[in-house]
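It should be emphasised that the depicted structure is a prediction, and the values quoted were computed from it without experimental measurement. We count residues from 1, following the sequence as given.
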Amino acid sequence: MEEKSLVFTRSGAAIIPMQLTSGFINSLYFTFIPLYVYDLYGFIASSLCRTLVAVTAILLSWVWGWVSDVFSSKKKLLVISILGQAIFTVLFALTQIVGEPGLMNLIFILFMYTLAALFTSMYNPVRNSVITLMSKEEGRASNIGSFFLFSSAGWGIGALIIGYLWEIIPLYWIFIFTGGIHLLSMVIFQAVFQESDVTTEESTRRGIIEGLRNMKPLLLYITLAILLVSVGRGIFLPIFQIKMYIIFGRESLWIGIISALSGLAGAIGSFAYGKLTDRIGDSFALKLGIFGNVALFLLGILNHPLTAALVWIFPVWPLIAVSSVSLAAGHSEETRRGEAQGVVESARSFSGFFSVIGGIVATFVGAEENVDNLNPFFFSLITLPLLALIPVSRSKLGEEERRKREED
């Protein structure tokens, strides 16, 4: 008899609202705010948004994972992370109310963006740890995909609503509304989630660097592969998003519709990829995600609205996210689950660390005058995901060797 999906349990149901509103928050921060900054300050300033998020996540995700393993209740950490995201989203409204466009206003925008990112860097690894601890090994990827479905759905719903509201009301009301519904999801989670569902045996107290020194080699290979893929995506996506914005005549409503379709595709893809990953294995699923990125980079060269929308809509990243979370869980002990998820989350966060490079290149080649000047650069980026196949293959070989030793 097939085990009931976690989303139908009490604690699983408690996670659903916060996944929906976290997708809503991410749609605001990763789609609309960078475009708003681009309109005011150009390519480099816009790409700095993602870079600052990435720096925060790279430095802190594995730290929060370690904290969740060693010191604190995972439930409390999730509550704190949602509260922080919500508060600084509401406070982001001050960037509209205080000050005229200029250097100080830009610094204030980037500062508030970074503070919100600090709590996102806490939310992601702790949430992943909670989901994988609640799951048995058999069917783990399916459960991950089911929960990621709701964050993608939240992204899509948020994009559609924000894209419409962006045209008709002052932006500060959008920030206040988005932060408010995230606070509501926190209240529901706090009331319904059961801490006992993620209780593990007591973890040995250990230093913050000790976990990195003793990481399993297979997890290191996985981390390197995700890092390489993420670097390519991080350079490509922010400048491609602006290219798409230009192709669609700088209409935020169109961007909202496309992002909504992206969220819908991501929701369906997350669920389907979870089922697929359980069938074909985590490593093979990660390889498929890598090849999918190569295809999107090549399509990004084209200037047709349909191909531009397809690049944004087609759900490649959910396959990488589901398989990498499942891989990290499979290669870590329960008492080190948060630490492993934090390390992998840090690697995925490299998707934004090099965003500013894309902005500098776009400015240097004159992309604002002619977006076709970006084509050679887009083509060169395919080398990064192709290089990522090397550590993925090595991790597969290492896994087979480990299984043989266990059988002997």
Side-chain angles (χ1 to χ4, degrees), residues 7 10-33 36 49 53 56-57 60-61 64 67-68 72-98 108-109 111-131 147-166 169-195 197-198 256 259-260 263 267 345:
V7 297
R10 172 174 171 163
S11 291
I15 295 173
I16 292 173
M18 71 176 188
Q19 281 290 86
L20 285 168
T21 58
S22 72
F24 208 112
I25 288 270
N26 287 336
S27 181
L28 176 64
Y29 277 91
F30 290 98
T31 300
F32 293 97
I33 293 178
Y36 165 66
C49 292
V53 170
T56 305
L60 294 178
S61 288
W64 292 129
V67 169
S68 74
S72 188
S73 151
K74 290 178 175 59
K75 179 178 179 179
K76 290 178 181 176
L77 282 178
L78 282 175
V79 168
I80 292 169
S81 66
I82 299 171
L83 183 63
Q85 284 178 315
I87 288 173
F88 284 107
T89 299
V90 171
L91 291 178
F92 205 97
L94 295 175
T95 63
Q96 278 280 297
I97 299 170
V98 179
F108 186 57
I109 287 173
F111 178 66
M112 297 302 293
Y113 202 94
T114 304
L115 289 176
L118 185 151
F119 290 94
T120 301
S121 73
M122 178 191 294
Y123 176 80
N124 288 336
V126 180
R127 173 207 58 194
N128 293 346
S129 175
V130 165
I131 292 171
F147 284 111
F148 280 21
L149 178 156
F150 292 102
S151 60
S152 293
W155 177 292
I157 295 167
L160 194 60
I161 294 174
I162 294 170
Y164 173 71
L165 294 178
W166 203 271
I169 64 173
L171 297 187
Y172 58 83
W173 285 116
I174 295 175
F175 301 132
I176 293 170
F177 169 71
T178 305
I181 62 170
H182 205 37
L183 280 174
L184 179 61
S185 74
M186 181 205 72
V187 173
I188 295 171
F189 176 77
Q190 171 69 22
V192 179
F193 187 82
Q194 295 176 303
E195 182 78 64
D197 287 342
V198 290
S259 294
E345 183 65 31

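Contact between Leu77 and Met122 at its shortest, heavy atoms only, is O-SD, 3.2 Å. Taking both residues in full, the closest heavy atoms of Ala116 and Tyr29 are given as CB-OH, 3.5 Å, listed atom of the first, atom of the second, then distance. Closest of all the heavy-atom pairs between Ala93 and Tyr172 is CB-CB, 3.4 Å. Between Ala153 and Ala267, the shortest heavy-atom distance links the atoms N-CB, 3.9 Å. Between Gly179 and Thr89, the shortest heavy-atom contact is N-CG2, 3.8 Å.
Considering only heavy atoms from C-beta on, Phe92 stays 4.5 Å or farther from Thr178 through its side chain. At least one side-chain heavy atom of Leu94 sits under 4.5 Å from a side-chain heavy atom of Phe108. Within the 4.5 Å cutoff, side-chain heavy atoms of Val7 are placed close to those of Phe150. Side-chain atoms of Phe119 and Ile87, non-hydrogen and from C-beta on, never get closer than 4.5 Å to each other.
For the atom pair CZ (Phe175) and CZ (Phe88), the distance works out to 15.0 Å, reported to the nearest 0.5 Å. Atom CD1 of Ile15 is separated from atom CD1 of Ile188 by 13.5 Å, given to the nearest 0.5 angstrom. Taken from CG in Asn26 to CG in Asn124, the straight-line distance is 7.0 Å, to the nearest 0.5 Å. To the nearest 0.5 Å, the span separating CD1 on Ile25 from CG on Leu20 amounts to 12.5 Å. The CD1 atom of Ile157 lies 11.0 Å from the OG1 atom of Thr21; values are rounded to the nearest 0.5 Å. Rounded to the nearest 0.5 Å, atoms CG (Leu28) and CH2 (Trp166) are 6.0 Å apart.
At least one donor-acceptor pair under 3.5 Å links the side chain of Arg10 to the backbone N or O of Val192. Judged purely by atom type and a 3.5 angstrom limit, Lys74 has no side-chain atom pairing as donor or acceptor with the backbone of Ser129. One N or O on the side chain of Ser151 and one on the backbone of Phe148 form a donor-acceptor pair closer than 3.5 Å. Put simply, the side chain of Ser27 never gets that close to the backbone of Phe24: no donor and acceptor are under 3.5 Å apart.
Using a 30° and 60° split on the angle between ring planes, Phe30 and Trp155 fall in the parallel class, below 30°.
Applying the side chain to side chain contact (heavy atoms under 4.5 Å, CB included) test to Thr114 and every residue at least two apart in sequence or in another chain returns Leu52, Thr56. Not counting sequence neighbours, Ser81 has no partner by the side chain to side chain donor-acceptor pair (under 3.5 Å) test.
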**Prompt:** Hey, mind stepping through Phe32 and Ile174 against side chain to side chain contact (heavy atoms under 4.5 Å, CB included) and telling me if it holds?
**Reply:** CA-CA 11 Å; Phe32 293 97; Ile174 295 175; over 6 Å; no
**Request:** Using the side chain to side chain contact (heavy atoms under 4.5 Å, CB included) rule, take Phe177 and Ile162 through it: C-alpha gap first, then chi angles, then the decisive distance, then the call.
**Result:** CA-CA 10 Å; Phe177 169 71; Ile162 294 170; over 6 Å; no
**Message:** Would Phe193 and Leu78 count as a side chain to side chain contact (heavy atoms under 4.5 Å, CB included) here? Give the steps.
**Reply:** CA-CA 11 Å; Phe193 187 82; Leu78 282 175; 5.9 Å; no
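The side chain to side chain contact (heavy atoms under 4.5 Å, CB included) with Ser185 is formed by just one residue from the set Gln19, Gln190, Met18; it is Met18.
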